[in-house]
There are 2 protein chains.
Amino acid sequence: VRISELSRETGVPTATIKFYLREGLLLRGQATAATQADYGDIHLRRLRLIRSLVDVAGLPLADVRAVCAAVDSRAPVHHTLGTMQEAAIRRYLGDVPQSDSVPSSAIAALVSRRGWQVYPGSSAGRAADRALEALREAGWTVTDDDLLTLAEGLEPVAAGELAQLASLSRGETDETAVIERAAAVMTLGERLLVAVYRLAQENASARVFGAG
Amino acid sequence: VRISELSRETGVPTATIKFYLREGLLLRGQATAATQADYGDIHLRRLRLIRSLVDVAGLPLADVRAVCAAVDSRAPVHHTLGTMQEAAIRRYLGDVPQSDSVPSSAIAALVSRRGWQVYPGSSAGRAADRALEALREAGWTVTDDDLLTLAEGLEPVAAGELAQLASLSRGETDETAVIERAAAVMTLGERLLVAVYRLAQENASARVFGAG
């Protein structure tokens, strides 16, 4: 199909599609004339992925590029998800600088206690270290058991999400579609998590301090 | 003590303290001369609370004012926490507009299933509705059981936080100190939650898609 039809089908303006082409996020179509090219399913899917990453996940262009590059390099899904996760953490917390200090032994102990297969130097690990440190500086007590409660509460949530992704992946020959859903759950899932956490806090506050 | 000592004790610059006085966040001290006033414990504590809300919780001045007003009005702790929570949600998600549409029956069903004492029109409830709606629009399946898993995972986390606040509250005649800790846990606690959620996802991804 032509670029104008690609635009109609996806609702993405032609100018935006041309921008993605110039930026190399979207591959050029098969040339059919000096100023025309033919776009197919592969372009349609990629365009949908880009829009998910931009509109749904709210990622900046540099991160969209990194995710697309991971998809293009046919990296294992786990690797592409990791790229997306780093982007999602940056979006939430800003850059989490590599720390010179030894990572909090409390987070390392938690990871080992739960037998989690995670990369110790990941943004997630460093972000957890920092949040824990900041809480303690603010006079808040977080025991190892508190961390365990948190981890045990979140494990089935994450397992459920990844099981759904795995199930999509099995029925799907095109990895793009899986990454597109992953982009949604990794960002909107965080919002649902935070919102339900607030509801749970509101309930706990009502119980402890009285709804008045 | 004088304003200069108040500044020394808290590390807050004199100019900033004067700004808080002008903005009415900090009560004026007892006048001891035409250009001098005496500041006491009450000012010290309030100043610490303001700095927690600004530096730790990252709240904008309008929200700091609302929290201070709740403390000043001797509102019940549950009410002040609610004010702070609304501010924390705005900080995370931006304004969550009142919706004309009926709230998602899935979140309402979850609240009733768990017997949560929450105000249905709260920002948290509306934010959960929106996140759920957005996930579904993005083609992600969230069943009532998924929501239940999330709620059950977060309940003990929130209960633990509020139990710690209640315990601080029992030993403390001054509500300001309790609100100060609450500001820390309501904001930094969210960061720890999100970071550990990312670790849990990384682990689940490694298990499902292989750490490669």
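Chain naming here is simple, since letters A, B, ... match the order of the sequence lines and numbering starts at 1 in each.
If you measure heavy-atom distances from B:Glu152 to chain A, you find no contacts under 4.5 Å at all. Proximity to chain B is limited to the side chain of A:Leu81, based on heavy atoms less than 4.5 angstrom apart. Both the backbone and the side chain of B:Leu150 have a heavy atom closer than 4.5 Å to some heavy atom of chain A. Only the side chain of A:Leu93 comes within contact range of chain B, with heavy atoms under 4.5 Å apart. Looking at B:Leu165, the atoms closer than 4.5 Å to chain A (heavy atoms on both sides) sit in the backbone and in the side chain alike.
Each of B:Leu135, B:Val157, B:Thr187 has some count of heavy-atom pairs under 4.5 Å with chain A, and the biggest count is that of B:Leu135. For the set B:Val56, B:Thr149, B:Val194, the count of heavy-atom pairs under 4.5 angstrom toward chain A peaks at B:Val194. Contact count versus chain A (heavy atoms, under 4.5 Å) is highest, among B:Ser123, B:Gly125, B:Ala159, B:Ala163, for B:Gly125. Residue with the most contacts toward chain A among B:Pro156, B:Ala124, B:Ser122, B:Gly153: B:Ala124 (heavy-atom pairs, distance under 4.5 Å). Chain B forms the most heavy-atom pairs under 4.5 Å with one residue out of A:Glu190, A:Glu155, A:Arg114, A:Glu137, and that residue is A:Glu190. Residue with the most contacts toward chain B among A:Gly139, A:Ser52, A:Ala151: A:Gly139 (heavy-atom pairs, distance under 4.5 Å). Put simply, of B:Leu168, B:Leu154, B:Val208, the one with the most heavy-atom pairs under 4.5 Å next to chain A is B:Leu154.
Smallest separation of non-hydrogen atoms from B:Leu199 and A:Ala128: CD1-CB, 4.3 Å. Across every non-hydrogen atom of B:Tyr197 and A:Gly189, the tightest pair is OH-C, 3.6 Å. Smallest separation of non-hydrogen atoms from B:Asn203 and A:Gly115: OD1-O, 4.2 Å.
Using a 4.5 Å heavy-atom threshold, the side chains of B:Thr80 and A:Phe209 count as separate.
Here CD of A:Gln164 is found 4.5 Å from OG1 of B:Thr141. Values are rounded to the nearest 0.5 Å. Within the model, atoms CD of A:Glu202 and NE2 of B:His78 stand 6.0 Å from one another, a figure rounded to the nearest 0.5 Å.
Annotation: A:Ile42, atom CD1; neighbour count of heavy atoms from other residues, nucleotides and ligands within 6.0 Å does not exceed 12.
Contact annotation for residues 85-92 of chain B against chain A (heavy-atom separation below 4.5 Å, listed by residue number): B:Gln85, B:Ala88, B:Ile89, B:Tyr92. Proximity to chain A at a heavy-atom threshold of 4.5 Å picks out B:Arg181, B:Ala184, B:Val185, B:Met186 from residues 178-186 of chain B, in numerical order.
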